[in-house]
Amino acid sequence: MQYWLMKSEPDLFSIDDLKNRPKQTEHWDGVRNFQARNFMRAMRAGDRAFFYHSSCAEPGVAGIIEIAREAYPDFTSWDPKSPYYDARSKPEKPYWYMVDVRFERKLKRLVPLTELRQNRALKTMRLLARGNRLSIMPVSANEWKTILEMAQAR
DNA sequence: GCCAACGTTGGC
DNA sequence: GCCAACGTTGGC
C-alpha cells in the first residue's frame, strides 16, 4: 500500500464536507498539474492519503482518506461551464484525471504545518520542501507514521 | 493583500 | 530548445 497527501482548501471542500457526503465518498476533481496528475494515476484502490487543509487560517493535516476508485477521466475538464474546463481535453481523448476518495477518519487533532516544519524526522518531506506547490504527492511510510504519532501527542 | 517560487506558454 | 513573461499556488 502506498501513502499520499492531497491538498484541499477547506473553504471550498473540507474533510467535514467529505464526511458528510453520501457514502462519505467524492471524486477529486480539478487537478490541473502534470506531476499531480501522474501521481493520481499511480494511486491504487486501498491506498491511504492525508487530507491536507491549505490556504486557510490553520494549514495542516486534518485526517485520513482512502483511495476508493483508481484514476479515470476528470469530466469537469470538458465541461465549458466548469471552472476547471480545458479545451485540450475531450471525452474521447481525456487530458486530466481524477480519483474517488472515501473518508476514513479525522485525526485526533489537526497537525499544523508549523509543527510539521519543527519535526526533524520530517526534514526531507516533500510537502516541506522549499517552494513546493504540488497539490498531490507521495508520503513515505516513516513520514506517515511520524505524523500519526504527532496527532496523538498533546 | 503581498510576494516568493514554480509551472506553463509562446516567440524566436 | 531556450528563456522571458505570465499565471497560479499557498503561506504569511
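Because only heavy atoms are used, hydrogens play no part in the values below, and waters and symmetry mates are left out as well, while side chains stay in. Chain A is the first sequence line, chain B the second, and so forth, proteins listed ahead of strands; every chain is numbered from 1.
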Visitor: Can you tell me if the side-chain N/O atoms of A:K7 get under 4.0 Å from OP1 or OP2 in C:dG10?
Guide: yes

Visitor: Taking the cut-offs as 6.0 angstrom to the six-membered ring centre and 45 degrees off its axis, would you call A:R37 and A:Y97 a cation-pi pair?
Guide: no

Visitor: Looking only at the side chain of A:R133 (C-beta and beyond, no hydrogens), which of the listed nucleotides C:dG11, B:dA5, C:dC12 gets closest?
Guide: B:dA5

Visitor: If you only use heavy atoms from C-beta on, which nucleotide in B:dA5, B:dT8, C:dG11 is closest to the side chain of A:R130?
Guide: B:dA5

Visitor: Distance check needed: B:dT9 C1' versus A:Y95 OH, whole Å only.
Guide: 11 Å

Visitor: Expressed in angstrom and rounded to an integer, what is the separation of A:L128 atom CG from C:dC12 atom P?
Guide: 11 Å

Visitor: Please state how far atom CZ in A:F34 lies from atom C1' in B:dT9, giving the value in whole angstrom units.
Guide: 11 Å

Visitor: Holding to side chain to side chain donor-acceptor pair (under 3.5 Å), I want the full list of residues that pass it with A:W4, two or more places apart in sequence or in another chain.
Guide: A:D47

Visitor: Quick one: salt bridge (Lys or Arg N to Asp or Glu O under 4.0 Å) pairs with a partner in residues 10-20 of chain A, sequence neighbours left out?
Guide: A:D16-A:K106

Visitor: Regarding A:R37, tell me which of base, sugar-phosphate or nothing describes its non-hydrogen contacts under 4.0 Å with the strands shown.
Guide: nothing

Visitor: Rounded to whole angstroms, how far apart are CG on A:N33 and P on C:dG10?
Guide: 9 Å

Visitor: Looking only at the side chain of A:L113 (C-beta and beyond, no hydrogens), which of the listed nucleotides B:dT9, C:dG11, B:dG7 gets closest?
Guide: C:dG11

Visitor: Rounded off to whole Å, could you give me the CD-to-P distance for the A:E9 and C:dG10 pair?
Guide: 7 Å

Visitor: When you measure from the side chain of A:R117, which nucleotide among C:dG10, C:dC12, B:dT8 comes out closest?
Guide: C:dC12

Visitor: Can you tell me the distance, in whole Å, between the CD atom of A:Q35 and the P atom of B:dG7?
Guide: 6 Å

Visitor: Could you tell me whether A:Y84 and A:W78 have their ring centroids closer than 6.0 angstrom?
Guide: no

Visitor: Considering only side-chain heavy atoms of A:S135, which listed nucleotide, C:dC12, B:dG7, C:dG10, is closest?
Guide: C:dG10

Visitor: Does A:Y52 make a side-chain N or O approach to OP1 or OP2 of C:dG11 shorter than 4.0 Å?
Guide: yes

Visitor: Send over the distance from A:M137 CE to C:dG10 P, rounded to a whole Å.
Guide: 8 Å

Visitor: Do you know the tightest heavy-atom contact between A:L116 and A:V111?
Guide: CD2-CG1, 3.7 Å

Visitor: Given C:dG11, B:dT9, C:dG10, identify the nucleotide with an atom nearest to the side chain of A:R88.
Guide: B:dT9

Visitor: Taking atom C1' of C:dG10 as reference, at what distance in whole Å does atom CG of A:L116 sit?
Guide: 15 Å

